[in-house]
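To start, the structure itself, in structure tokens.
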Amino acid sequence: MWRNRDVISARDFTRAELEELFETAKYMEKYARSRLDVMRGKIMAVAFFEPSTRTRLSFEAAMKRLGGDVVGFWGTEGTSVEKGETLADTIRMLDVYSNIIVIRHKYEGAAKLAAEVAESPVVNGGDGAFNHPTQAMLDVYTIWREFGYVDGLNIGLLGDLRHARTVNSLLEALANFNVRVYLISPEFLRPRAETIDYVQSRGLKLSFHTNVEEVIGELDVMYVVRIQKERFIDPLEYEKVKGSYRVAPEMLRNAKKGLIVLHPLPRVDEIDPRVDTTPHAKYFKQAALGVPLRMALIYLILS
Ligand code: NCD
């Protein structure tokens, strides 16, 4: 099901495929701090045109834990992109130097274009405000690992739901499960209409809220994203919402005992650091699971 696939959008993956990925990732957890030599002789190319810490490093760590090698660049300094090389030509080169390509780019659709040009599988590590499918897989995997199941959970998404590509992809991945999603954001930061339409057509139950306090008691998962400052077209709009939400221990007093708080990271000021030491905080664990999840992904695609 996974062999040689591109990973461009979370929409392309069925529930059965996600479950196969999760089972494989669980197996990979045993090797995520050591080594499982199944990718020896294989090379992963990483082309990160946009900043990244976790996505790039966890992909690289995953390939190395599997015994494979990594080549690539982050930022375009020192590459021929500075001389005016097109994305398509850069990808053609990575394609002949490697077996799998992971790309991050500020333009929506860049990963799809790369997949059309490359023969090797292409994995989207984030394209503009659009998609971040492997983050969504990691997010649902973390929920599945924490609860042992996904169906039946009440999941709140809090923050800049319009510009956060992780939210877009997470909603699409959640459409495979029988969950209820609470979209909590200022009105003009609601997810894009095409995503809402798509997930509703798949039967995902959604409700819209502007105030966390109103729904906090009902949630099993609270997924927080930062305001995506760099994606605002109008800086005045950004000023209006800057600092408009913050998860703090006081807010969590009314939460279910088992509520887990997730965040794709980086956080800026939307989660008070005092939350880190509460049993609700699972965002660092979530980031750690990025290695076994991406080991599983590489393994399923390349083996
Ligand atoms: C996110 C991203 O790059 O979209 N980070 C990540 O990949 N873990 C989230 C963000 O930048 O806010």
Side-chain angles (χ1 to χ4, degrees), residues 7-10 25 44 46-63 72 74-75 101-112 122-143 156-174 183-186 189-192 195 221-232 238 241-247 260-271 273 276 281-295 297-298:
V7 182
I8 305 302
S9 161
M44 182 173 77
V46 292
F48 274 55
F49 297 87
E50 251 200 354
S52 169
T53 303
R54 277 149 291 269
T55 304
R56 176 171 69 80
L57 293 179
S58 63
F59 260 113
E60 293 193 9
M63 189 54 163
W74 30 99
I101 300 166
V102 185
I103 178 174
R104 168 172 287 194
H105 205 283
K106 71 174 177 202
Y107 291 131
E108 295 188 5
K112 186 159 183 285
V122 170
V123 179
N124 185 359
D127 63 333
F130 201 22
N131 288 309
H132 196 345
T134 70
Q135 179 68 42
M137 290 165 187
L138 169 58
D139 300 337
V140 184
Y141 179 60
T142 308
I143 296 170
L157 309 188
L158 169 66
D160 181 355
L161 310 184
R162 166 157 297 271
H163 303 102
R165 55 194 173 197
T166 64
V167 166
N168 202 39
S169 289
L170 178 56
L171 280 168
E172 294 176 351
L174 288 175
L183 298 167
I184 313 156
S185 72
L189 292 182
R190 286 180 180 173
R192 43 169 93 199
T195 305
V221 178
M222 180 156 64
Y223 185 89
V224 189
V225 286
R226 71 183 168 92
I227 304 237
Q228 311 275 307
K229 182 179 180 186
E230 71 277 26
R231 313 232 189 262
F232 278 68
Y238 168 72
V241 288
K242 190 176 82 178
S244 63
Y245 55 93
R246 182 175 172 89
V247 178
I260 63 168
V261 178
L262 301 181
H263 192 306
L265 304 177
R267 78 172 140 182
V268 185
D269 55 7
E270 59 284 350
I271 299 182
D276 298 359
K282 296 292 177 194
Y283 28 92
F284 295 121
K285 176 159 185 212
Q286 175 188 7
L289 290 176
V291 175
L293 189 279
R294 291 183 168 110
M295 288 169 78
L297 193 78
I298 296 166

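These numbers come from a predicted model, not from an experiment. We're numbering straight along the sequence, starting at 1. Indexing begins at 1, ligand by ligand and atom by atom, following the structure's order.
- Across all non-hydrogen atoms, the minimal contact from S9 to E172 is OG-OE1, 3.5 Å.
- What you find for L161 and I184 is that their closest heavy atoms are CD1-N, 3.8 Å.
- When all heavy atoms of G243 and D269 are compared, the pair lying nearest together is CA-OD2, 4.4 Å.
- In this structure, the side chain to side chain donor-acceptor pair (under 3.5 Å) partners of S58, at least two apart in sequence or on a different chain, are R294.
- Listed by chain and number, the residues in a side-chain contact (heavy atoms from CB on, under 4.5 Å) with K106 are E50 (sequence neighbours excluded).
- The residues lining ligand 1, counting any heavy atom closer than 4.0 Å, are T55, R104, H132, Q135, R165, T166, R226, Q228, P264, L265, P266.
- With sequence neighbours excluded, no residue forms a salt bridge (charged side-chain N to carboxylate O under 4.0 Å, His left out) with R104.
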